[in-house]
Amino acid sequence: MCRGKNVAAPLRIGLTGGIASGKSTVADYFAELGAVIIDADIVARDLVAPGQPLLATLANEFGDAILTDSGELDRAALRERVFKSGAERKRLEALLHPAILENMALAARAASGDYVIMVIPLLAETGAKDLVDRVLVVDCEPSLQLARLQRRDGTDDVLGRQMLAAQASREQRLELADDVLVNDRSPEDLARMVEKLDGFYRELAKASDRETRPGLRLP
């Protein structure tokens, strides 16, 4: 599934997965190995920082209740609101996603190194596959996602299930995958798998036949 690109350019890896699947941890391990990381969530935070036009647009669309007393975006309030309404979630995505993906594409073009990790949680939902050469899916059972989400954010069961249901299905993400990293083991196991992928991507970035290389599934 690898799309042909200029071999001299950094290989662009789209890192995706369901909520609480472990994408951020995987990205951190790649960063420790020297990879350039371009994270959609970080790009989004910059775009909606106080004083940015997009924050004012969101406040106009959803009301001042999504802002804190200091004028920052209250992400928890916005998240709870949009995950209860499919229509409002789509409105939010229509405002955010084009700007996020455009900024990520610009950052990737300016990057150096053998490969770039582009962390795009909603890669399947946004049609962002064309931005990357290869898709890496961090995968785990939905029940494990829910447990991690509740432990991480204190999300209640109802909202947690709504958040999982709002995303692409596990099957849809895996259908897009060139490589799959199953994250259901220890942090040490996960680090070792990322190290293997790092070596694979560095080799692949220099290969003239990278479009035809088979994918990896770890473990």
Side-chain angles (χ1 to χ4, degrees), residues 1-18 21-49 52 54 93-139 167-168 172-183 190-219:
M1 267 198 288
C2 189
R3 271 66 59 192
K5 301 272 183 172
N6 183 353
V7 174
L11 186 68
R12 299 179 186 190
I13 308 298
L15 172 60
T16 194
S21 59
K23 297 180 299 297
S24 295
T25 302
V26 170
D28 288 344
Y29 285 140
F30 273 115
E32 290 174 6
L33 295 168
V36 174
I37 309 297
I38 305 170
D39 191 320
D41 287 342
I42 295 174
V43 172
R45 282 199 292 271
D46 291 341
L47 288 172
V48 297
Q52 292 298 315
L54 193 51
E93 291 171 353
L95 291 170
L96 286 179
H97 291 167
I100 292 169
L101 296 177
E102 180 181 0
N103 277 265
M104 293 185 75
L106 289 172
R109 284 199 290 272
S112 59
D114 291 330
Y115 70 93
V116 177
I117 296 290
M118 301 177 71
V119 186
I120 311 176
L122 301 183
L123 186 149
E125 295 87 338
T126 58
K129 185 178 177 182
D130 289 343
L131 289 183
V132 302
D133 298 299
R134 198 169 184 95
V135 175
L136 169 60
V137 171
V138 182
D139 183 49
Q167 294 190 327
Q172 288 171 318
R173 285 189 295 270
L174 291 173
E175 178 65 25
L176 294 176
D178 293 285
D179 308 306
V180 178
L181 194 164
V182 181
N183 181 22
L190 186 62
R192 283 192 288 271
M193 289 188 283
V194 171
E195 187 174 3
K196 184 170 182 178
L197 282 166
D198 171 73
F200 176 65
Y201 290 147
R202 290 185 189 281
E203 177 188 352
L204 192 62
K206 296 176 173 64
S208 59
D209 64 341
R210 69 190 198 187
E211 303 93 349
T212 60
R213 291 289 184 95
L216 291 183
R217 180 182 174 87
L218 303 171

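Computed from a predicted structure; not experimentally measured. Counting from 1, the numbers follow the sequence of the chain as shown.
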Residue pair Ile13, Phe30: steps toward the side-chain contact (heavy atoms from CB on, under 4.5 Å) verdict: CA-CA 11 Å; Ile13 308 298; Phe30 273 115; over 6 Å; no
Asp209/Arg213 under salt bridge (charged side-chain N to carboxylate O under 4.0 Å, His left out): CA gap, chis, key distance, verdict: CA-CA 7 Å; Asp209 64 341; Arg213 291 289 184 95; 3.1 Å; yes
Chi angles and distances behind the side-chain contact (heavy atoms from CB on, under 4.5 Å) call for Val194, Thr25: CA-CA 10 Å; Val194 171; Thr25 302; over 6 Å; no
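Considering Leu197, Val180, Leu204 as possible partners of Leu216, the one that fulfils the side chain to side chain contact (heavy atoms under 4.5 Å, CB included) test is Leu197.
In this structure, Asn183 contributes its side chain and Ser21 its backbone to a donor-acceptor pair below 3.5 Å. Although no hydrogens or angles enter the test, the distance criterion places a donor-acceptor pair under 3.5 Å between the side chain of Asp178 and the main chain of Val135.
Nearest heavy-atom pair across Val138 and Gly22 is CG1-C, 4.3 Å. Between Ala105 and Leu131 the shortest heavy-atom distance is CB-CD2, 4.0 Å. Arg12 and Met118 get closest at one heavy-atom pair: CB-SD, 4.1 Å. Nearest approach of Pro10 to Val116, heavy atoms of both residues: CB-CG2, 3.8 Å. In plain terms, the two heavy atoms of Ile37 and Ala31 that are nearest each other are CG1-CB, 3.8 Å. The two residues Ala124 and Arg173 have their closest heavy-atom pair at CB-CG, 4.4 Å.
Not counting sequence neighbours, the partners of Gln172 by the side-chain hydrogen bond (donor to acceptor under 3.5 Å, both in side chains) test are Ser169. Partners of Glu93 under the side chain to side chain contact (heavy atoms under 4.5 Å, CB included) rule, at least two apart in sequence or in another chain, are Arg89, His97, Leu122. Residues passing the side chain to side chain contact (heavy atoms under 4.5 Å, CB included) test with Leu47 are Val43, Leu54, Ala99, Ile100, Asn103, sequence neighbours excluded.
In summary, Arg202 and Asp198 engage in a salt bridge, as defined by a charged side-chain N under 4.0 Å from a carboxylate O.
The structure places OH of Tyr115 at 10.5 Å from NZ of Lys206, a figure rounded to the nearest 0.5 Å.
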